[in-house]
There are 2 protein chains.
Amino acid sequence: MFVKITSKTLYSLHFLCALTIKAKSNPQKPVHLREIAKEYDIPFKFLEQIAILMKSVGLVRGTRGKTGGYQLAETPESINLARIIKATEGELLPWADIEGGNEVIGGILHTIFQEQRDEIDRKLSAISLSQIAEKARQRLEPAPMFYL
Amino acid sequence: MFVKITSKTLYSLHFLCALTIKAKSNPQKPVHLREIAKEYDIPFKFLEQIAILMKSVGLVRGTRGKTGGYQLAETPESINLARIIKATEGELLPWADIEGGNEVIGGILHTIFQEQRDEIDRKLSAISLSQIAEKARQRLEPAPMFYL
DNA sequence: ATTGTCCATATCAGTTTGATATGATATATT
DNA sequence: AATATATCATATCAAACTGATATGGACAAT
């Protein structure tokens, strides 16, 4: 593939959206991973790893113990898609060996893609978690009554 | 990684550039893979696979027998970078499962990236093999005499 | 016939990805 | 204090992908 999004990113977005949506109706209260795993059909143990990763990059806070769980460490408005994807997929710029420099074709490609990468970074940075969560919430809403 | 270029693409570009450059001084004459593999330091057997791939997508022609070799199947002006990368890395659009549709986050990401992918496609399509080969030729040129 | 090329698969080691297993640590409840 | 339930942290594993190698067939000029 050329542009690649792994399921780790998908799961991470589900996770963060869940925290965002649930915080609306009940702020302050941590959300259990089991709950999210069940609702979004994510393998629980995999979700645990993702939660730890999200915590390590400062996007969420974990509370231990029986009434523990996770909640966003920042407002969903201040968290953008670029930060999330960089956490899950690594830096947007890939070819470390190409950047080496003296390799001819690599150098050419590097020049060609530099501009494009900056553009992608800008666009992803302009999309906030709150926007994504809002769209997800809309799509998840049950059909209006008058369809029944 | 997020945007990824494998060595198969690098080697392919070396291969196609070699054919382009050599065709200038000696058109019609097929170029041996062994020659290219040596000059560009590409594992010969790997290059063979790449040559077959390039042939299967119609970018080069192979001539068998003792005086055989490879040559471009089209003019280097009509071959663009998008075609080459699609041949080596697959379609620029990756997430077949995401495109499925009814998955919420996947659908959102698909929308977000659609525009960007088209943009990348346009930019890569605008860069021809002849341009790349020309740049490569310039960089490969020995230093001018008056530097000695 | 022999040689040197393309052509086509099969295989293999290393890495990445998705997922599971095991257990430690922390805290609210009983 | 004991227990239940949560986060936290590694270790491990199978499948897929990547880079590379191996083996052998088909073809044409000498």
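The chains referred to below are lettered A, B, ... by the order of the sequence lines, with proteins before strands, and numbering in each begins at 1.
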Practice problem: Please check the phosphate of D:dC17 (OP1 and OP2 only) for any side-chain N or O of B:Lys4 closer than 4.0 Å. | Solution: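 No, no such contact exists.
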
Exercise. Ignoring backbone atoms, test whether A:Thr6 places a side-chain nitrogen or oxygen under 4.0 Å from the OP1 or OP2 oxygen of C:dG18.
Key: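 Answer is yes, contact under 4.0 Å.
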
Quiz item: Bend across the helix from C:dA1-D:dT30 to C:dT30-D:dA1, to 10°, with axes taken over 5 pairs at each end?
Solution: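 Result, rounded to 10 degrees: 10°.
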
Quiz item: Quick one: which of C:dT17, D:dC8, D:dA20 gets closest to the side chain of A:Ile52?
Solution: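 Looking only at heavy atoms from C-beta outward on A:Ile52, the closest nucleotide is D:dC8.
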
Which residues pass the side chain to side chain contact (heavy atoms under 4.5 Å, CB included) test with [X], not counting sequence neighbours?
{"X": "B:Pro30", "result": "B:Thr63, B:Gln71"}
{"X": "A:Thr67", "result": "none"}
{"X": "B:Lys123", "result": "A:Glu115, A:Gln116, B:Glu119"}

Practice problem: Tell me, with the steps shown, if A:Leu81 and A:Leu13 meet side chain to side chain contact (heavy atoms under 4.5 Å, CB included). | Solution: CA-CA 9 Å; A:Leu81 190 51; A:Leu13 286 171; 3.9 Å; yes

Contacts to DNA chain C from [range], heavy-atom cutoff under 4.0 Å, which residues?
{"range": "residues 55-72 of chain A", "answer": "A:Arg64, A:Gly65, A:Lys66, A:Thr67"}
{"range": "residues 43-50 of chain A", "answer": "A:Pro43, A:Lys45, A:Phe46, A:Gln49"}
{"range": "residues 25-36 of chain B", "answer": "B:Val31, B:His32, B:Leu33"}

Quiz prompt | Within residues 45-73 of chain A or reaching into it, pairs that qualify as ring-ring contact (aromatic ring centres under 6.0 Å, His included) - sequence neighbours excluded | solution =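 Listed once each, the pairs are A:Tyr11-A:Phe46, A:Phe15-A:Tyr70.
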
Exercise. May I have all residue pairs that pass salt bridge (Lys or Arg N to Asp or Glu O under 4.0 Å) and include part of residues 32-51 of chain A, sequence neighbours excluded?
Key: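 Pairs touching residues 32-51 of chain A that pass the test: A:Lys22-A:Glu35, A:Lys22-A:Glu39, A:Lys45-A:Glu48.
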
Quiz item: Which pairs, with at least one residue in residues 58-75 of chain A and sequence neighbours excluded, count as a salt bridge (Lys or Arg N to Asp or Glu O under 4.0 Å)?
Solution: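 Non-adjacent pairs meeting salt bridge (Lys or Arg N to Asp or Glu O under 4.0 Å): A:Glu74-A:Arg83.
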
What distance separates [X] [atom1] from [Y] [atom2], expressed to the nearest 0.5 Å?
{"X": "A:Ile36", "Y": "A:Ile50", "atom1": "CD1", "atom2": "CD1", "value": "11.0 Å"}
{"X": "A:Leu129", "Y": "A:Leu72", "atom1": "CG", "atom2": "CG", "value": "6.0 Å"}
{"X": "B:Lys8", "Y": "B:Ile85", "atom1": "NZ", "atom2": "CD1", "value": "13.5 Å"}
{"X": "B:Asn80", "Y": "B:Ile132", "atom1": "CG", "atom2": "CD1", "value": "9.0 Å"}

Self-check item: With B:Thr88 via side-chain hydrogen bond (donor to acceptor under 3.5 Å, both in side chains) - residues at least two apart
Solution: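 Expected list: B:Thr9.
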
Quiz prompt | B:Gln131: partners by side-chain hydrogen bond (donor to acceptor under 3.5 Å, both in side chains), with sequence neighbours left out | solution =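 Partners of B:Gln131 under the side-chain hydrogen bond (donor to acceptor under 3.5 Å, both in side chains) test: B:Ser128.
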
